[in-house]
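For reference, the structure is listed below as structure tokens.
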Number of protein chains: 2
Amino acid sequence: MDELMPIGRFSRLCWLSIKALRVYDDQGLLHPAHVDPDSGYRYYTPDQAATARVIATLRTLDMPLASIREVLAEPDPDRVRDLLDRYRMVLEQRIDRHRHMLNRVETFIRKGAVMAYEITTRDTAPTEVLGTTYPSSVDSLPQTSAVAYHRVYAAIAEAGGRPAGPPRMVYLELADDTWTIEACVPVMGLSQAPDGFSLHQVRGGLAAVTRHVGPYDELGLAYREVEAWIEAQGLTSNGAPYDVYLNDPSEVGDPAKLETEIVWPVTRS
Amino acid sequence: MDELMPIGRFSRLCWLSIKALRVYDDQGLLHPAHVDPDSGYRYYTPDQAATARVIATLRTLDMPLASIREVLAEPDPDRVRDLLDRYRMVLEQRIDRHRHMLNRVETFIRKGAVMAYEITTRDTAPTEVLGTTYPSSVDSLPQTSAVAYHRVYAAIAEAGGRPAGPPRMVYLELADDTWTIEACVPVMGLSQAPDGFSLHQVRGGLAAVTRHVGPYDELGLAYREVEAWIEAQGLTSNGAPYDVYLNDPSEVGDPAKLETEIVWPVTRS
DNA sequence: CCTGGAGTCTGCCCTCGGGGACGAGTCAAG
DNA sequence: CTTGACTCGTCCCCGAGGGCAGACTCCAGG
């Protein structure tokens, strides 16, 4: 039982490469039962194969060595379950991400090109809007904006006005991690802004405009497209860009059918 | 339009890091329109942002740079579509793999441990089997074995015998890439093997036995478990191991409910 | 013309989990 | 004792950049 075997035999026993076993020794996942102090030879006992198998199994699940080390160091089965459950969530997110990528590749295949927006210039009319300005991290934008629009619509109704067009979002300032945005809605019949909101006129004028059909998280790419088009046309950006949500996510259902107009005010130079 | 801009401005325009742009230059994905031969400064034109955006888009899909280079070099839209379609299949396989890993993690969570087989020794009875021996790569094993069992059952019926137990697979020789296996079925009422098959008696005797519940591709881990257990018990392997398929995949449906017995002949040393 | 600050260059090290090769030392059987 | 198999540590490699260091370059203001 306490028979010691060198690394080669052990590697054949547990189906791990010698190289991998050495790495697991270095990383503290599986130290040999005995290391000859003179030669440095590693010697393992047969029952260490149990640990080796756990490592091998978890590695086939792509679990990082650091996480495996935690699992091995945890004697409480319930907490092992928690660790595995945490990794399960990691895997689920990864699948979601990949599924999402798959959708986008399929979109590109349908379109026959990686990306093709028709961008034009248009003269936009001045519009009175009620909105609320706030900072948001890029990741939490969907959540925060849902709340914000809800509040804006409620405020319009309470103040006795009525919406005069689809909602829009203005991108006022884009620091790397946190954006300052305004969620606003064109409005009629209001003379004064409710507390915590701002009522103001959006200056009209020339703008580069395009329409994006698809999920909102592809909007970033569309913006870059417009930005580059403006530059290539020799135009000059003139104010914060905004997008107009032409249909309602809660009614449409399928994100691939969401329609958004992107408007970027410009001047001819 | 043919205005040249240095890398920093271009990087802000197309939302790619300077470092990434330099890599794309080195890798031949996007060479700057002009490189100053004295200073080495890279200068880009605004319309190069189109290519940059394609790269950025495909990178968000995790496509490797080499594949992106192919896409960019391909002028024919139909062939671009083919390339994207090929990548779509890669993504689909990746999702399948991850979904599969997810299933296994969930199994482990349910079991409360990473792996726990009950392994025992048992005296096995000699059995007469009809089988066919062939080499197969590890990957194509499911396909080849399905065909092989089909042929064996047909041969038994045609020769006038009848099956005397669930089918089994014997692992005769395991080279790294190609295994030599025998697909066989216990049989009664046959005196002579049909052409291309072998009729022989499986020697009984002591064996280490365990039962695996779950998809067949987890069998490898179960085998390692048994192998290590044999070693740890101080027993000696004595002949080719085999597994017995206790229920039928075509009837069970859910791979998580497949039951397989693993039998490994041993002797006490 | 000079200077300072911002921009850019190349080159090196780091990631993560090992695979492959190299030169030197070690073990065990004959 | 020899020989062949085994094992040791070390270095380089994979992909797609991130981060840093040190040197060079550009441009605007004085």
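What you see is a predicted model; the values in this text were computed from it and never measured. The chains referred to below are lettered A, B, ... by the order of the sequence lines, with proteins before strands, and numbering in each begins at 1.
A:Q48 places a side-chain N or O within donor-acceptor distance of the main-chain N or O of A:A33, the cut-off being under 3.5 Å. Of the possible donor and acceptor atoms, one in the side chain of B:T210 sits under 3.5 Å from a partner among the backbone N and O of B:E118. Looking at B:Q233, its side chain never comes within 3.5 Å of a backbone N or O of B:I230 through a donor-acceptor pair. Remark: side-chain polar atoms of B:S137 are paired, donor with acceptor, to backbone N or O of B:S140 under 3.5 angstrom. Judged by distance alone, the side chain of B:Y87 and the main-chain N or O of B:L61 form a donor-acceptor pair under 3.5 Å.
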- [ ] Heavy atoms under 4.0 Å is the rule here; annotate nucleotides 22-30 of chain C 5' to 3' with B where the base is hit, S where only the sugar-phosphate is, and - elsewhere.
- [x] ---BBS---

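In this structure, the side-chain hydrogen bond (donor to acceptor under 3.5 Å, both in side chains) partners of B:R9, at least two apart in sequence or on a different chain, are A:E231. Under the side-chain hydrogen bond (donor to acceptor under 3.5 Å, both in side chains) criterion, B:S67 pairs with no residue, sequence neighbours left out. Annotation: side-chain hydrogen bond (donor to acceptor under 3.5 Å, both in side chains) contacts of A:E227 (sequence neighbours excluded): B:W15. With sequence neighbours excluded, the residues satisfying ring pair (Phe, Tyr, Trp, His ring centres under 6.0 Å) with A:Y216 are A:Y245. By the side-chain hydrogen bond (donor to acceptor under 3.5 Å, both in side chains) test, B:R69 pairs with no residue at all, sequence neighbours left out.
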Please tabulate, one pair per line, all N/O donor-acceptor pairs under 3.5 Å involving side-chain atoms of residues 24-32 of chain B, not counting sequence neighbours.
from: B:D25; atom 1: OD1; to: B:H31; atom 2: ND1; distance (Å): 2.7
from: B:D25; atom 1: OD2; to: B:R42; atom 2: NE; distance (Å): 2.9
from: B:H31; atom 1: ND1; to: B:D25; atom 2: O; distance (Å): 3.3

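Between A:I68 atom CD1 and C:dC16 atom P there is a gap of 14 Å when expressed in whole angstrom units. The distance between atom CZ of B:R9 and atom C1' of C:dT8, rounded to the nearest whole Å, is 15 Å. Spacing between atom CD1 of B:I7 and atom P of C:dG7 amounts to 13 Å, rounded to whole angstrom units.
Against DNA chain D, the stretch residues 11-22 of chain B makes heavy-atom approaches under 4.0 Å through B:S17, B:K19, B:A20. A heavy atom closer than 4.0 Å to some atom of DNA chain D occurs in no member of residues 90-102 of chain A.
Interface limits on DNA chain D: the 5'-most and 3'-most nucleotides within less than 4.0 Å of chain A heavy atoms are D:dC6 to D:dG9.
Ring pair A:Y223/A:Y171 is perpendicular by interplanar angle, where above 60° counts as perpendicular and below 30° as parallel.
A salt bridge links B:D96 and B:R99; the closest N-O separation between the charged side-chain nitrogens and carboxylate oxygens is under 4.0 Å.
Here B:Y24 lies in heavy-atom contact (under 4.0 Å) with sugar-phosphate atoms only.
The overall bend of the helix from C:dC1-D:dG30 to C:dG30-D:dC1, read as the angle between its terminal helix axes built from five base pairs each, is 30° when rounded to 10 degrees.
Sorted by first and then second residue, the salt bridge (charged side-chain N to carboxylate O under 4.0 Å, His left out) pairs involving residues 84-95 of chain B (not counting sequence neighbours) are B:D62-B:R94, B:E70-B:R86, B:D85-B:R88, B:R88-B:E92.
Heavy-atom distances to DNA chain C give each of A:V23 and B:P6 a nearest nucleotide, and the one nearer the 5′ end belongs to B:P6.
Ring centers of B:F10 and B:Y43: at least 6.0 Å apart, outside the cut-off.
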